[in-house]
Every structure is written in C-alpha cells, then in structure tokens.
Amino acid sequence: MIKQRILITGALGQLGVSLIRVLSKRSDTYILATDINAPKEEIDVDFECVNALDTNRLEELIVQQKIDCIYHLAAILSAKGEKNPFQSWHVNVNSFQVTVELAIKHKVQRVFWPSSIAVYGEDKNPINAPQQVDMNPLTMYGVSKLACEKLMIYYHQKFNLDIRSLRLPGVLSSDPAGGGTTDYAVEMVQAVKNGKDYTCFLAPQTELPMIYIDDVVIAIEQLMESNLSNQERAHSYNIMGFSLTPAMLESQLHKMGYPAEVHYAPDYRQQIAESWPRTIQDQFARDHWGWAPQFDLEKSIKQMTP
Ligand SMILES: NC(=O)c1ccc[n+]([C@@H]2O[C@H](COP(=O)([O-])OP(=O)(O)OC[C@H]3O[C@@H](n4cnc5c(N)ncnc54)[C@H](O)[C@@H]3O)[C@@H](O)[C@H]2O)c1
C-alpha cells in the first residue's frame, strides 16, 4: 500500500541519484524523478524529463500522480553559477518559487529543499560558523540560496507550508559532483583511485566543511520524518561531517596506498572557498532532530574506494 507519493526535481545530480537509491527501496513510496536531462543509465523509478521552471508540466504531474511530497534539488551550483550569474539566479530562485507555489496550491504535505554553506560570506574563512549570523555571500549561488532561505521562512509563516531544509557543506560521493567549489574532493579520489595524477583547483591548506553522501541521505530522511515544532521548521539546518583540506585528502589517499600525485593550481574557485567557513556549528540539528554524523574522512574514503 502506497503511503507517500514523491516528486524529485534535479533528480540526476550528485544528491538525487543517492537519494533515489535509498527511497526506491521503500515499498510504501511512489517516486517520480524529474530532471532537465535524460538519464544516461536506467534508473529504478519513474522518470520524466522536465525543466524545474516549467510550472505547467510540473502541475500536470503533481495532479496526475497525486504527489504529496516534493524534493526540490534542481540548481546551478557555485562554480558553474559564477560563469553565468543571471542564469544561476533565474534557475535557483525561480524554480524554488515554482515548487513552492505548486506545493501551496495543491496542498502538498511536505517539501525538502537544500541550501548551502555558500550563504555565508564576508567574514573570511570563520571557524565554527554559527547557525545564525550576518551573511553576505560572495557568489550568486550563495545569494540565491540565502534569498530562498528567507522565502522559505516567509512561505512557512504566510501559508503554513511545511518546507524543510539542510544547509549542506561539500558532499563526498562516488557519483560525480555537479559544478561546486568542493568538487575537488570527489575528483581527487576518482583520479587517484584510477592511478591518475590530479591537479587540484584549490590550494593545499584550504579548509572547508564536508560530509559523506550517505550521511546527507540519512539526514534528509531524519529531517523529513521528524516531528518538528513550528518554530523548529523554519530553519535551514547546518550539518557537517568533518573538515577537510586538499592536503589532508591527499595524505589520507597516500596512507591508504594510492601512489598517484596531486598538483596544485588554484583558480577562481579559491576566492569562493576562502569566503566560506572552515567549519560550521550543527548544534541546532543535533538538538532539534537528533542529527549525528556517522562518517569521518577515513570511513568516507573507504566507501569511495572499494
Ligand atoms: N553537492 C553539494 O556539494 C551540495 C552542497 C550544498 C547544497 N547542495 C544542493 O543540493 C541540491 C542538489 O545538488 P547536486 O549536488 O545534486 O547538484 P548537481 O549539479 O549534481 O545536480 C543538479 C541537477 O539539477 C539538474 N538541473 C539543473 N537545472 C535544472 C532545471 N532548470 N530543471 C530541472 N533540472 C535541472 C541538473 O541536470 C542536475 O542533474 C542543489 O540544490 C544544491 O544547491 C549541494
């Protein structure tokens, strides 16, 4: 018996493919995955090619499939977004608006939308950045995520929309990353694992918060299933697994017996990374819905290098 009917936007990205792997194992859940691109390999759930800005087509699907939960993942990430900031704002903010408007109109019970540590800025590379602080993001990606964090609170207060959010750090996974400033970590592991040298676009000592993908999926499931008070819902919750520099990752890979060399050639992404916190506080998530990471760096790399 199907209890929940989920629509996912941007479902073929780094987060979406892992989320689908886990959600598709639930026997009581129907999943409709959507993305602007078609899948390169077969996926286990229904799929439709849809632009997340296409209100009419999304509305048809929500009605036809009696969708009661939306995971809105479609976005243009930080590094890619800086190449076309107007497009980045357009996709990130307007697709959020489309999702929220349809969710309110069709009384969708719950929405998940991920924000990012890119919302931080101004204070150069702070350690242990608090959940709430003045934020002046450097990138259009960060500006668009911060705008949507504010919109999320607005729609929650105005329409009682149950929209839940994580403010994610860089994500490590075996699946390719999609154009963010922390992608170096996924790329370095893939290259070194295959015996290839890697040239890193960040400097060796650039420290950023990271998380392993399985922890992200666990956190999404926990957050979506929690009984949160009204006040607790209106957060984009900071979570992190561990802090990482490219040099630490290189040394961990060498320790695990991978001999390939890493070279360093920082580019425009270095400035973005330096505007983000080195570590973030995730106490709100721990206190409100029991968040606790299960993967440290070593365990994450072992998963990525079976
Ligand atoms: N991966 C990370 O490190 C990270 C960190 C913080 C937040 N996030 C957020 O998590 C979400 C998913 O990120 P990801 O890492 O899977 O990104 P990704 O780039 O790997 O995937 C995004 C997906 O969205 C799709 N997409 C882009 N524009 C679209 C449109 N107009 N309509 C429909 N689909 C479209 C792309 O084809 C892609 O499959 C995003 O909102 C991102 O901002 C990711």
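Fair warning: this is a prediction, and the values are worked out from it, not measured in the lab. Hydrogens, waters and symmetry mates play no part in the numbers below; they use all other heavy atoms, side chains included. When a ligand or atom number is given, it counts from 1 through the structure's own listing order.
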Could you name the option among [options] that has the heavy atom nearest to [atom]?
atom                    : options                : result
atom 39 (O) of ligand 1 : L19, D35, I211         : D35
atom 26 (N) of ligand 1 : I8, I36, T34, T9       : I36
atom 41 (O) of ligand 1 : K145, H90, Q14         : K145
atom 5 (C) of ligand 1  : S116, P169, G180, G170 : P169

Problem set entry | D215 side chain to Q294 backbone, donor-acceptor under 3.5 Å |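 Yes; judged by distance alone, with no hydrogens or angles, the pair exists.
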Exercise. Any sub-3.5 Å donor-acceptor pair from D68's side-chain atoms to R5's backbone N or O?
Worked result: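 Confirmed, D68 side chain pairs with R5 backbone.
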Would you tell me whether [X] and [Y] have side-chain atoms, one donor and one acceptor, within less than 3.5 Å of each other?
X    : Y    : result
S115 : E149 : yes
S95  : H72  : yes
T139 : E82  : no
Y264 : E250 : yes

Need the ligand 1 atom indices (1-based, order shown) with element for anything under 4.0 Å from a heavy-atom of [X].
X    : value
L73  : 11 (C), 12 (C), 40 (C), 41 (O)
N51  : 30 (C), 31 (N), 32 (N)
P114 : 9 (C), 10 (O), 11 (C), 41 (O)
N37  : 37 (O)
Y141 : 6 (C), 7 (C), 8 (N), 9 (C), 42 (C), 43 (O)
S115 : 6 (C), 7 (C)
A52  : 30 (C), 31 (N), 32 (N), 33 (C)

Exercise. Would W89 end up clustered with V98 when hydrophobic side chains under 4.5 Å apart are linked, directly or stepwise?
Worked result: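 In one cluster with W89: V98, yes.
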Exercise. Would F201 end up clustered with Y141 when hydrophobic side chains under 4.5 Å apart are linked, directly or stepwise?
Worked result: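 F201 and Y141: separate clusters.
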Exercise. Quick one: does L15 get an N or O within less than 3.5 Å of an N or O on ligand 1?
Worked result: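 There is such a contact, yes.
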For this session: Could you tell me whether G13 and ligand 1 have an N or O pair separated by under 3.5 Å?
Result: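 Min N/O separation from ligand 1 is below 3.5 Å for G13.
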Exercise. Is ligand 1 less than 4.0 angstrom away from at least one heavy atom of D54?
Worked result: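 D54: no contact with ligand 1 (<4.0 Å).
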Tell me: protein heavy atom nearest [atom], and distance?
atom                    : answer
atom 27 (C) of ligand 1 : A75 O, 3.8 Å
atom 3 (O) of ligand 1  : V171 N, 3.2 Å
atom 28 (N) of ligand 1 : V91 CG1, 4.0 Å

Exercise. Is there a side-chain contact between Y212 and M304, using heavy atoms and a 4.5 Å cut-off?
Worked result: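 The answer is yes, as the side chains (C-beta and beyond) meet within the 4.5 Å cut-off.
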